[in-house]
There are 2 protein chains.
Amino acid sequence: MTDWPGEPSTTREEMMLATYRALCEYGYAETSIQRIADEFDKSKSLLYYHYEDKEALLADFLRFLLEQLRTGLESIPDDDPTEAMERILDALLPAPMEDEEFQFRKALVEIRSQAPYNDVYREQVARSDETIRAGLAATLERGIEDGVFHPVDPERTATFIYTSMVGATHRAVSLDDPDQVVRDREMLDDYLRESVYREE
Amino acid sequence: MTDWPGEPSTTREEMMLATYRALCEYGYAETSIQRIADEFDKSKSLLYYHYEDKEALLADFLRFLLEQLRTGLESIPDDDPTEAMERILDALLPAPMEDEEFQFRKALVEIRSQAPYNDVYREQVARSDETIRAGLAATLERGIEDGVFHPVDPERTATFIYTSMVGATHRAVSLDDPDQVVRDREMLDDYLRESVYREE
DNA sequence: CGATACTGAATGACCGTTCAATTAGTTCGG
DNA sequence: CCGAACTAATTGAACGGTCATTCAGTATCG
């Protein structure tokens with residue numbers, strides 16, 4: 001879900017792809033405008049023609065990511081809540097995680113770590129968090145209505161699940177070990193089986 | 001537990017305190033040697049007399065933090081596992097979180113986000129994670145032996161709890177909202193009451 | 001022809017790091 | 001006990017490099 005979709009067709013998409021590549025290759029902290037430009041057919045100056053500054057470019061990149069996230073979540077059918085839950089987890093906390101995906105997650109964790117210092121990043125992070133959390137809550141609510149989930153508090157449980165997902169990603173990233181998410185994912189599945197799903 | 005202990009008595013401690021202050025004030029990404037020196041009585045050059053480079057200074061700072069963490073954990077009495085569990089959580093995921101503590105957590109999250117790109121940071125992060133995780137596991141094991149905890153898998157459960165703590169911190173930090181940890185802490189306590197503690 | 005897309009070279013700020021020079025502290029022979 | 005010799009601690013100024021950003025100018029196209 002966080003890897004790249006298809007060929008870029010507009011200049012904006014070309015810049016987004018260049019940004020994506022630079023982030024994967026160098027991480028956020030070492031991604032300079034120059035390095036984004038290197039992944040881009042056109043020149044460095046053109047980036048400044050389209051964006052006021054580096055922050056605006058990155059902010060648009062986060063906006064772009066959010067669009068993709070929403071599209072991805074909308075594509076999950078909601079008729080079977082248990083199935084939907086698994087689909088959301090597979091999309092957002094895949095275990096095992098492919099190499100490029102993992103590289104990109106590292107950069108995303110870096111960006112999230114800058115969010116408290118940067119209003120525009122923080123706004124996008126907040127929207128993205130809320131999109132995921134709300135998706136989980138809606139699925140939980142449906143499962144409870146359908147009688148396939150225990151009558152947990154959907155909002156609080158969604159928050160807890162999402163927090164665990166964030167923790168799993170952050171921990172795997174900071175240890176540079178993609179396999180860490182496998183174990184955390186298992187524990188999360190155990191929790192769902194014990195406290196959310198009514199039966200196996 | 002992550003705030004500052006007493007007055008610095010050695011030059012090393014002075015440098016550690018200066019680093020701590022710079023990190024609290026500017027965050028990791030914007031903490032330059034100059035800014036650490038500004039929080040330091042002595043000169044910028046002196047930092048290079050004591051440390052080979054910036055990375056070595058920060059690495060020693062992380063080492064210093066780990067020493068404090070271990071001291072803090074050792075001071076928790078282990079006769080009552082339920083009490084010990086709460087003490088560990090209060091120390092590492094205090095809710096509510098004071099302002100300075102929260103500022104410092106932001107910087108720590110930034111440093112963790114750099115760990116995948118930096119061997120020496122990663123080593124310290126790994127040690128610190130393992131110290132906490134092992135402390136949780138030992139407490140769980142004791143509680144199970146004493147019959148006050150359900151017979152969960154201590155290692156896996158400790159990992160899950162720690163992952164939730166990391167997620168709670170990371171999420172609160174990236175939203176720049178200390179109150180987020182309060183809700184996550186409640187959910188974690190609910191989880192413990194449901195799945196770990198034998199009774200209220 | 002006018003506007004939009006695009007370029008390469010230049011600028012100034014800051015950053016990590018070095019170094020020659022100075023001061024403070026310690027050791028030790030007379 | 002004194003001061004000379006030596007080591008450790010400390011300093012300010014300077015250097016080279018990278019970075020984000022600007023800008024005057026060129027190409028493209030409706």
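Throughout, protein chains are lettered first and strands after them, A, B, ... in sequence-line order, and every chain is numbered starting at 1. Predicted model only: the values in this text are computed from it and were never measured.
For A/Glu130, the salt bridge (charged side-chain N to carboxylate O under 4.0 Å, His left out) criterion is met by A/Arg133, not counting sequence neighbours. Residues meeting the side-chain hydrogen bond (donor to acceptor under 3.5 Å, both in side chains) test with B/Arg183, sequence neighbours left out: none. Take B/Asp53 and apply the side-chain hydrogen bond (donor to acceptor under 3.5 Å, both in side chains) test, not counting sequence neighbours, and it matches no residue. Remark: A/Tyr191 engages no residue in a side-chain hydrogen bond (donor to acceptor under 3.5 Å, both in side chains) (not counting sequence neighbours). For A/Asp176, the side-chain hydrogen bond (donor to acceptor under 3.5 Å, both in side chains) partners are A/Lys106, not counting sequence neighbours.
Between B/His50 and the phosphate of D/dA8, there is no side-chain N or O to OP1/OP2 separation shorter than 4.0 Å.
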Inset, instruction - Using a 4.0 Å heavy-atom cut-off, write out nucleotides 16-25 of chain D from 5' to 3' as B (base contacted by protein), S (sugar-phosphate only) or - (no contact). - result: ---SSBBB--

For residues 144-153 of chain A, which side-chain N or O atoms pair as donor and acceptor with protein atoms under 3.5 Å away, sequence neighbours left out?
unit_1: A/His150; atom_1: NE2; unit_2: A/Tyr197; atom_2: O; d: 3.4
unit_1: A/Asp153; atom_1: OD1; unit_2: A/Glu155; atom_2: N; d: 3.0
unit_1: A/Asp153; atom_1: OD1; unit_2: A/Arg156; atom_2: N; d: 3.3

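Evaluation of the side chain to side chain donor-acceptor pair (under 3.5 Å) test over residues 32-41 of chain B, restricted to residues two or more places apart or in two chains, returns B/Gln34-B/Asp38, B/Gln34-B/Lys44. Screening residues 9-24 of chain B for salt bridge (charged side-chain N to carboxylate O under 4.0 Å, His left out), with sequence neighbours left out, gives B/Arg12-B/Asp60, B/Arg12-B/Glu67, B/Glu14-B/Lys42.
Rounded to whole Å, the distance from CZ on B/Arg12 to C1' on D/dA9 is 18 Å. Atom CG in B/Leu47 sits about 12 Å away from atom C1' in D/dT11, given to the nearest Å.
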Inset, instruction - Might you work through the salt bridge (charged side-chain N to carboxylate O under 4.0 Å, His left out) test for A/Asp129 and A/Arg112, ending with a clear yes or no? - result: CA-CA 11 Å; A/Asp129 272 21; A/Arg112 287 186 70 110; 2.8 Å; yes

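End-to-end axis angle for the helix from C/dC1-D/dG30 to C/dG30-D/dC1, using five pairs per end and rounding to 10°, comes out at 0°.
When hydrophobic residues (I, L, V, M, F, W, Y) are linked wherever their side-chain heavy atoms come within less than 4.5 Å, the members clustered with A/Val125 are B/Leu175.
Taking a heavy-atom distance under 4.0 Å as the criterion, the stretch of DNA chain C touched by chain A extends 5' to 3' from C/dT4 to C/dG8.
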